[in-house]
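To start, the structure itself, in structure tokens.
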Amino acid sequence: MSLEDELLKQRWTRIREIEELGHRAYGKRFDFTHSIPRIVAEYGSKTAEELSPELKVRIAGRVKTIRSKGKAGFAHLAQNGEQLQIYVRSDAVSANDFRLFQILDIGDVVGAEGYLFRTRTGELSVHVERLEFLSKTLFSMPEKWHGLEDVEMRYRQRYLDLIANPDSRKVFVTRSKIIASFRRQLEERGFIEVETPMMQPLYGGATARPFITHHNALDIDLYLRIAPELYLKRLVVGGLERVYEINRNFRNEGLGFKYNPEFTMLEFYQAYTDYRGLMDLSAELLKQVALDATGGTEVEWNGARLDFGSLRRFSMREAVIEFWEGADRPTLDNVRDPQWLKRHSSKASSGEALAEIFERVAESQLGQPTIIYDFPVETSPLSKNKADEPELVERFEIFAGGMEIGNAYTELNDPQEQRRRFETQIGMRERGDEEAHQMDEDYVRALCYGMPPTGGEGIGIDRLTMLLTGSRTIRDVILFPLLRPEGEIGVAERLRALEP
RNA sequence: GGGCCGGUAGCUCAGGCGGUAGAGCAUUUGCCUUUUAAGCAAAGGGUCGCGGGUUCGAGUCCCGCCCGGCUCACCA
């Protein structure tokens, strides 16, 4: 028999022994008096004297370590990312409970009742008087010292990662704080949270290839949304002047350190403002999110310190000049000049050329949180033109850590212009651009009823979480990132084999 | 999709020159009533990712495949 099966059989056999000792292998409700984190916080710094008179506690947690010393022993229980030691001695508990302690496996979930004390070496511990068995682990836990290192297993069996690697747990706690911070800040400013379709008959609001699915009853193909944008703006037309949505977008594209096919986006729309207003709002939101998530505005990322307390601002043209490397640094006249742009890019139009040059020259250097504004109209089918420079639109993106983390603009609310933009996109599609927008007449119809001047913005929650948690890959901030299916697992077969 | 790297005990990793497969943790047994990567003594545990091939002999060499990581191209 393989070791793995031997261990499984051993634990399976142990279930009966646990039951013979008067416990259930898969126990019932257990009302603890204190969570382990609360005990650590409240009593972690108390001296031995301050812990008397005896404080009785009932705690519960997963067994992390066991150190048996004959007629006594120690174990660590973990709950919510914190650990507390228990001390079990044969003359302090019933014979059955001591036997139970002796047959505990690392990974079992137990409850313990006793009083707080400090050991000779000074560690805050529970002097156990009663044990209660709560749940049996049948498989062995990852190694105690190194944790779970196998990257594939960390993603496929995230629960093991969360049990074994406290840092991984912290990442997801921080992610939750980031989202909570956005919600709180937006609610304070009068935004309401809405939910718009994830399955859409037409996809739009971004340039990307969609996933396609099918609805049987209606017998229609639907697209998983690539963005909620067009629906959110319909709501602004309807008088929901400040709306936001935090939810998944789906894009049928490659995987990479900053790409997962489903990712979480915050989008918010505010009537009667424009992209300048959103720049200021973005700076406030990001600063406070960093504070709420990490306690400060500065984070270490990829060896650099990023400060979310202030956002640098460059126009796209300025950024090309600012971050140009090598000789022939262009002038402002150069980056405005169609001939110069044509010489430095293979793109057809001046606008696409500028965007392409910017991405090549500047994007990877935008480590510090930076706003890049005034984008070419060709790459922005839903943004309003600048009044004095119609080849540009009132749009900005937020970059940090060399990644785009936000995208915002003054929304185009002129239905006639919107129709022309869609038709331009259709032309691009006919020339082979698969990602060009489709015509969305229902959206144009909504604009025909009049949308107030509006600013809208999207912030990539996953990437922002990467930055605020020091994660080098998006898979470390998504609980269950997309992986190929792993094939035969064989657990059912192994469990079946245990039964008589 | 291309290139590079990896898959060895439940976990973390050695081995690589082709010649009976190793360590630590974990597990089992014994001793141990304030230990903490507890300690001491002993034991068990492996289709070396999968499938072919070369060879007297393959974890090791060759070919194909699977899974993963990094990276390039496309993409937020």
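For the numbers below, each heavy atom of this structure counts, side chains included, while hydrogens, waters and symmetry mates do not. Predicted model, so just to flag it, every value in this text is computed and none were measured. So you know, we letter chains A, B, ... as the sequences are listed, proteins then strands, and number each from 1.
Within the cation-pi definition used here (under 6.0 Å to the ring centroid, within 45° of the axis), A:Arg251 does not qualify as a partner of A:Tyr203.
A:Tyr259 has its OH atom 12 Å from the P atom of B:U71, to the nearest Å. Distance, A:Gln102 CD to B:C31 P: 10 Å, rounded to whole Å. In this structure, A:Leu104 atom CG and B:U35 atom P are separated by 21 Å, rounded to whole Å. In this structure, CZ of A:Arg494 is placed 9 Å from P of B:G10, rounded to the nearest angstrom. What separates CD of A:Gln10 from P of B:A43 is a distance of 18 Å, to the nearest Å. Rounded to whole Å, the distance from CD1 on A:Ile474 to C1' on B:C70 is 17 Å. At whole-Å resolution of the value, CZ in A:Phe257 and P in B:A76 are 14 Å apart. Between the CZ atom of A:Phe101 and the P atom of B:U34 there is a distance of 13 Å, rounded to whole Å.
Each of A:Glu253 and A:Arg89 lies near RNA chain B, and the nucleotide nearest A:Arg89 is the one positioned closer to the 5' end. When each of A:Arg472 and A:Met265 is assigned the nucleotide of RNA chain B with its nearest heavy atom, A:Arg472 is the one assigned upstream, toward the 5' end.
A distance of 10.0 Å separates CG of A:Asp5 from NZ of A:Lys9, quoted to the nearest 0.5 Å.
Among the atoms of the strands shown, only primed sugar atoms or phosphate atoms (P, OP1, OP2) are found under 4.0 Å from some heavy atom of A:Arg156. The residue A:Glu123 sits close to a base: some heavy atom pair falls under 4.0 Å. Counting any heavy atom pair closer than 4.0 Å across all strands shown, A:Met403 reaches no nucleic acid atom. Within 4.0 Å of A:Ser68, counting heavy atoms only, lies at least one base atom of the nucleic acid. Residue A:Arg463 is in base contact, counting any heavy-atom pair closer than 4.0 Å across all strands shown. Residue-level contact check: A:Gly406 touches neither bases nor backbone, having no heavy atom under 4.0 Å from any strand. Nucleic acid contact class of A:Arg154 (heavy atoms, under 4.0 Å, all strands): none. Residue A:Arg251 is classed as a base contact, given a heavy-atom separation below 4.0 Å to a base.
Closest to the A:Glu6 side chain, of the nucleotides B:G10, B:G45, B:U34, is B:G45. Which of B:U12, B:G45, B:U27 sits closest to the side chain of A:Asp150 comes down to B:U12. Out of B:U34, B:U12, B:A26, the shortest distance to the side chain of A:Ile106 is found at B:A26. Distances were taken from every side-chain heavy atom of A:Gln85 (C-beta onward) to each of B:U71, B:C13, B:U35; the shortest belongs to B:U35. Out of B:U12, B:U71, B:A76, the shortest distance to the side chain of A:Leu148 is found at B:U12. Here B:U35 is the nucleotide among B:U35, B:C25, B:A26 with the atom lying nearest to any side-chain atom of A:Ser125. Checked against B:C11, B:G68, B:G10, the side chain of A:Arg484 finds its nearest nucleotide in B:G68. In this structure, the nucleotide among B:U12, B:U33, B:A26 sitting nearest to the side chain of A:Lys71 is B:U33. Closest to the A:Trp145 side chain, of the nucleotides B:U34, B:A37, B:G68, is B:A37. Side-chain proximity of A:Arg67 to B:A76, B:U35, B:U71: nearest is B:U35.
At the phosphate of B:A76, OP1 or OP2 sits under 4.0 Å from a side-chain N or O atom of A:Thr207. Remark: A:Arg120 is in phosphate contact with B:U35, judged by side-chain N or O atoms under 4.0 Å from OP1 or OP2.
Base pairing analysis places B:U54 opposite nothing; no Watson-Crick or G-U wobble pair with both distances below 3.5 Å involves it. Figure legend. B:C4 is base-paired to B:G69; pairs are counted as Watson-Crick or G-U wobble with both atom distances under 3.5 Å. When both distances must be under 3.5 Å, the Watson-Crick or G-U wobble mate of B:G59 does not exist. Using Watson-Crick or G-U wobble geometry with both donor-acceptor distances under 3.5 Å, B:G39 finds its partner in B:C31. Applying the Watson-Crick and G-U wobble criteria (two distances, each under 3.5 Å), B:A14 pairs with nothing in any strand.
B:C62 and B:G18 have their P atoms separated by 11 Å, given to the nearest Å. Between B:C74 and B:C61, the distance separating the two C1' atoms is 38 Å to the nearest Å. Remark: the separation of the P atoms in B:G15 and B:G49 is 15 Å, to the nearest Å. Here, B:C5 and B:G10 have their P atoms 28 Å apart, quoted to the whole Å. To the nearest whole angstrom, the two C1' atoms, one in B:A37 and one in B:C25, are 9 Å apart. The separation of B:U20 from B:G1, taken at their P atoms, amounts to 40 Å, rounded to a whole angstrom.
Using a cut-off of 4.0 Å between Lys/Arg side-chain N and Asp/Glu carboxylate O, A:Lys347 and A:Glu356 are scored as not salt-bridged. Classification of A:Glu129 and A:Lys56 as a salt-bridged pair holds, one side-chain N sitting under 4.0 Å from a carboxylate O. Between A:Glu113 and A:Arg130 there is a salt bridge, since at least one side-chain N of the basic residue sits less than 4.0 Å from a carboxylate O of the acidic one.
Applying the 90° cutoff around 0 to the glycosidic angle, B:C72 is assigned anti.
Not less than 6.0 angstrom separates the ring centroid of A:Tyr373 from the ring centroid of A:Phe314. Taking the six-membered ring for Trp and the full ring otherwise, A:Tyr87 and A:Phe74 have centroids separated by under 6.0 Å.
Where stacking is scored as ring centres under 5.5 Å apart with planes under 30°, A:Phe139 does not register as stacked on the base of B:G10.
At a threshold of 4.5 Å between non-hydrogen side-chain atoms, the residues A:Phe268 and A:Val243 do not count as touching.
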Begin from the C-alpha positions of A:Glu149 and A:Arg154 and carry the test salt bridge (Lys or Arg N to Asp or Glu O under 4.0 Å) through to its verdict.
CA-CA 7 Å; A:Glu149 304 263 331; A:Arg154 287 186 48 227; over 6 Å; no
